[in-house]
**Q** 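One structure follows; several queries about it will come next.
By convention in this document, chain letters (A, B, ...) are assigned in the order of the sequence lines, proteins followed by strands, and residues within each chain are numbered from 1.
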Protein chains: 2
Amino acid sequence: MRKVADSTVRRLSLYLRYLEEFEHRGHATVSSDALATRGGTTSAQVRKDLSFFGSFGKRGLGYPVGDLARRLREILGLTRRYQLAVVGAGKIGGALVQYRGFRLRGFDIVAIFDSDPAKIGRTFDGLEVRDVAELESVLAEQPVDMGVIVVPGEQAQVIADRLVAAGVKAILNFAPAQLAVPDEVSLKNVNLALELEALSFTLANR
Amino acid sequence: MRKVADSTVRRLSLYLRYLEEFEHRGHATVSSDALATRGGTTSAQVRKDLSFFGSFGKRGLGYPVGDLARRLREILGLTRRYQLAVVGAGKIGGALVQYRGFRLRGFDIVAIFDSDPAKIGRTFDGLEVRDVAELESVLAEQPVDMGVIVVPGEQAQVIADRLVAAGVKAILNFAPAQLAVPDEVSLKNVNLALELEALSFTLANR
DNA sequence: GTTTGTGAAACGATTCACAGCT
DNA sequence: AGCTGTGAATCGTTTCACAAAC
């Protein structure tokens, strides 16, 4: 498959949400312009994004809401569920486990690890915190598709290496660290301090 | 000031962190190449990014670590502290309040709100959850620079409007919603489901 | 008449490459 | 000799504009 820009993929996810809204409101078709207005972009952008994957619309009519939503789910790989392991049972790690939005969209957190004896054995939403020392053995028995790293920055690379060795093919990293992973593993970073600093920049440069 | 690309600002934040590392290790100067290697980018990129704001280096020598870090803090607006209000005292909201990383980098959460009577009056890290009905009166007495929205998607726009009316100039939005804010208010979105779906896309299209 | 799909044009960001300073 | 600062070249993304389909 041709290389798809990250920004394109993000917009596809958004389009899918908007389509679900339109579907819910009983619309049978939707125009690129309607989708664009909903998402704050342009109709040309919507059509370019979609045309990358095929030709889904009817000229003069627009796109069939249900069909397009289905196709986007296929394209985004959302026709199956994903198993996730969270490493780090601190405030954020615990919050992620208990957050229902992930499950709702097909992502099941099936394991959570920590190295702190005070946290091991606690449960979040019925999920017991396991000793991170057992990461390999737990994942051998219960394989996961993605790993979520929520440990301090210094420990993040070691955890990433262990997740990769355990067969994880995608990592969502919340630690403020620049992780190195093999090419075949995909990596996304969420760095909250970075977002706040970007806001700070705009406040300082108005 | 000329328009600065968002990607540039993100890299400046990263450069600042790397400079702090180099400073900590006692380096007096650092080359664009050293910074680039540390951050996984190119030396030309580093020089372009910096040259946007001035000429900080010495040819043949590199950049003075301490001076450049200071300048980057000025550019990013990090020479002052910022007061933040969090709206939504659920799992994520609570986790943010208790997360020490923000305070460490100059962002103080001084108020947290929720509409759930079961949560109002609870404290996180000594900070009492206030009724969101009191948002305007609390912020009138204790003004904040930034608002953090951690409420369900349907409520996010109303909260954004109220924060803006209360004088907030920057918003960090965790709700899965496309918020409309006036031009003079800066907005950053963090959408975790979107990140997971981007990972899902790469898994589905390898 | 409406709206898609798509080449072409415009724009923006990154990389190249080198003159100029230390 | 080493490394910055930057104009020029390249690359990638977005917008334009219109022929084709309904």
Side-chain angles (χ1 to χ4, degrees), chain A residues 1-15 18-19 22 27-72 75 178 194 198 201-202, chain B residues 1-15 18-19 22 27-72 75 178 198 201-202 205:
Chain A
M1 162 164 301
R2 281 168 299 171
K3 205 191 142 290
V4 183
D6 203 70
S7 49
T8 304
V9 177
R10 299 181 75 81
R11 284 192 302 268
L12 293 179
S13 283
L14 291 172
Y15 300 157
Y18 305 148
L19 285 167
F22 283 114
H27 295 221
T29 62
V30 68
S31 68
S32 57
D33 194 54
L35 273 176
T37 303
R38 176 65 187 80
T41 178
T42 67
S43 61
Q45 179 82 79
V46 172
R47 295 197 300 277
K48 256 275 146 61
D49 287 341
L50 296 177
S51 75
F52 211 90
F53 298 95
S55 178
F56 309 120
K58 278 214 171 33
R59 293 164 196 236
L61 246 181
Y63 300 88
V65 173
D67 289 357
L68 182 55
R70 233 181 318 284
R71 280 295 287 128
L72 285 183
I75 290 164
Q178 191 81 16
L194 223 62
F201 173 81
T202 62
Chain B
M1 163 166 300
R2 280 168 299 171
K3 204 190 143 291
V4 183
D6 204 70
S7 48
T8 305
V9 177
R10 298 181 74 81
R11 284 193 301 268
L12 293 180
S13 283
L14 291 173
Y15 299 158
Y18 305 149
L19 285 168
F22 283 112
H27 295 221
T29 63
V30 68
S31 68
S32 57
D33 193 55
L35 273 176
T37 304
R38 176 65 187 82
T41 179
T42 66
S43 61
Q45 180 80 79
V46 172
R47 293 197 300 276
K48 255 275 147 60
D49 287 340
L50 296 177
S51 75
F52 212 89
F53 298 94
S55 178
F56 309 120
K58 278 214 170 36
R59 293 164 197 236
L61 246 181
Y63 300 88
V65 173
D67 288 358
L68 182 56
R70 234 182 318 283
R71 280 296 288 130
L72 284 182
I75 291 165
Q178 192 79 16
F201 173 83
T202 62
N205 297 274

**Q** With respect to the phosphate group of dT15(D), does any side-chain polar atom (N or O) of Q45(A) fall under 4.0 Å of OP1 or OP2?
**A** yes
**Q** S32(A) pairs by side-chain contact (heavy atoms from CB on, under 4.5 Å) with which of T41(A), V46(A), T37(A)?
**A** V46(A)
**Q** Quick check for you: to the nearest 0.5 Å, what is the distance between L35(B) atom CG and R38(B) atom CZ?
**A** 10.0 Å
**Q** Counting the atoms with a prime plus P, OP1 and OP2 as sugar-phosphate, which does S7(B) contact under 4.0 Å by heavy atoms, base, sugar-phosphate, or nothing?
**A**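 Here S7(B) touches the backbone only, sparing every base.
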**Q** Let me spell it out: for each of A5(A) and G60(A), pick the nucleotide of DNA chain D with the closest heavy atom. Which residue's pick is nearer the 5' end?
**A**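 So the residue in question is A5(A).
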**Q** Of all the nucleotides listed (dA8(D), dC3(D), dT14(D)), which has the minimum atom distance to the side chain of R59(B)?
**A** dC3(D)
**Q** What is the separation between atom CG on D6(A) and atom C1' on dT14(D), rounded to the nearest whole Å?
**A** 16 Å
**Q** Expressed as a whole number of angstroms, how long is the span from R10(A):CZ to dT14(D):P?
**A** 12 Å
**Q** Going by heavy atoms in the side chains, are V9(A) and I75(A) under 4.5 Å from each other?
**A** no
**Q** For side-chain contact (heavy atoms from CB on, under 4.5 Å), just list the numbers for Y63(B) and L50(B), CA-CA rounded to whole Å, side-chain angles, deciding distance to a tenth of an Å, and then say yes or no.
**A** CA-CA 10 Å; Y63(B) 300 88; L50(B) 296 177; 3.7 Å; yes
**Q** Between the base of dT15(D) and the side chain of K48(A), is one N or O donor paired with an acceptor at under 3.5 angstrom?
**A**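 When only heavy-atom distances are counted, K48(A) does reach the base of dT15(D) through a donor-acceptor pair under 3.5 Å.
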**Q** Roughly how far, to the nearest 0.5 Å, is the CZ atom of F56(A) from the CZ atom of R71(A)?
**A**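 Going from CZ on R71(A) over to CZ on F56(A), the span is 4.5 Å.
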**Q** Please list, in 5' to 3' order, the outermost nucleotides of DNA chain C lying under 4.0 Å from any heavy atom of chain B.
**A** dA13(C) to dT22(C)
**Q** To the nearest 0.5 Å, what is the distance between CZ (F201(A)) and CZ (R10(B))?
**A**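 Going from CZ on F201(A) over to CZ on R10(B), the span is 13.5 Å.
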**Q** Does a nitrogen or oxygen in the side chain of Y63(B) sit under 4.0 Å from OP1 or OP2 of dG2(D)?
**A** no
**Q** Kindly compute the distance separating NZ (K48(A)) from OG (S43(A)), expressed to the nearest 0.5 Å.
**A**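 Reported to 0.5 Å precision, the distance equals 12.0 Å.
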**Q** Assess whether one donor atom and one acceptor atom, taken from the side chain of K58(B) and the base of dG5(D), lie less than 3.5 Å apart.
**A** no
**Q** From the list dT14(D), dG5(D), dA17(D), which nucleotide is the closest neighbour of the side chain of S51(B)?
**A** dG5(D)
**Q** Rounded to whole Å, please give me the gap between CG in L68(B) and P in dC3(D).
**A**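 Atom-to-atom, L68(B) to dC3(D), this comes out as 16 Å.
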**Q** Does T42(A) place a side-chain N or O at less than 4.0 Å from the phosphate oxygens OP1/OP2 of dT15(D)?
**A**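 Result: yes.
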**Q** Which comes earlier along DNA chain D counting from the 5' end, the contact point of R47(A) or that of R47(B), where each point is its nearest nucleotide?
**A** R47(B)
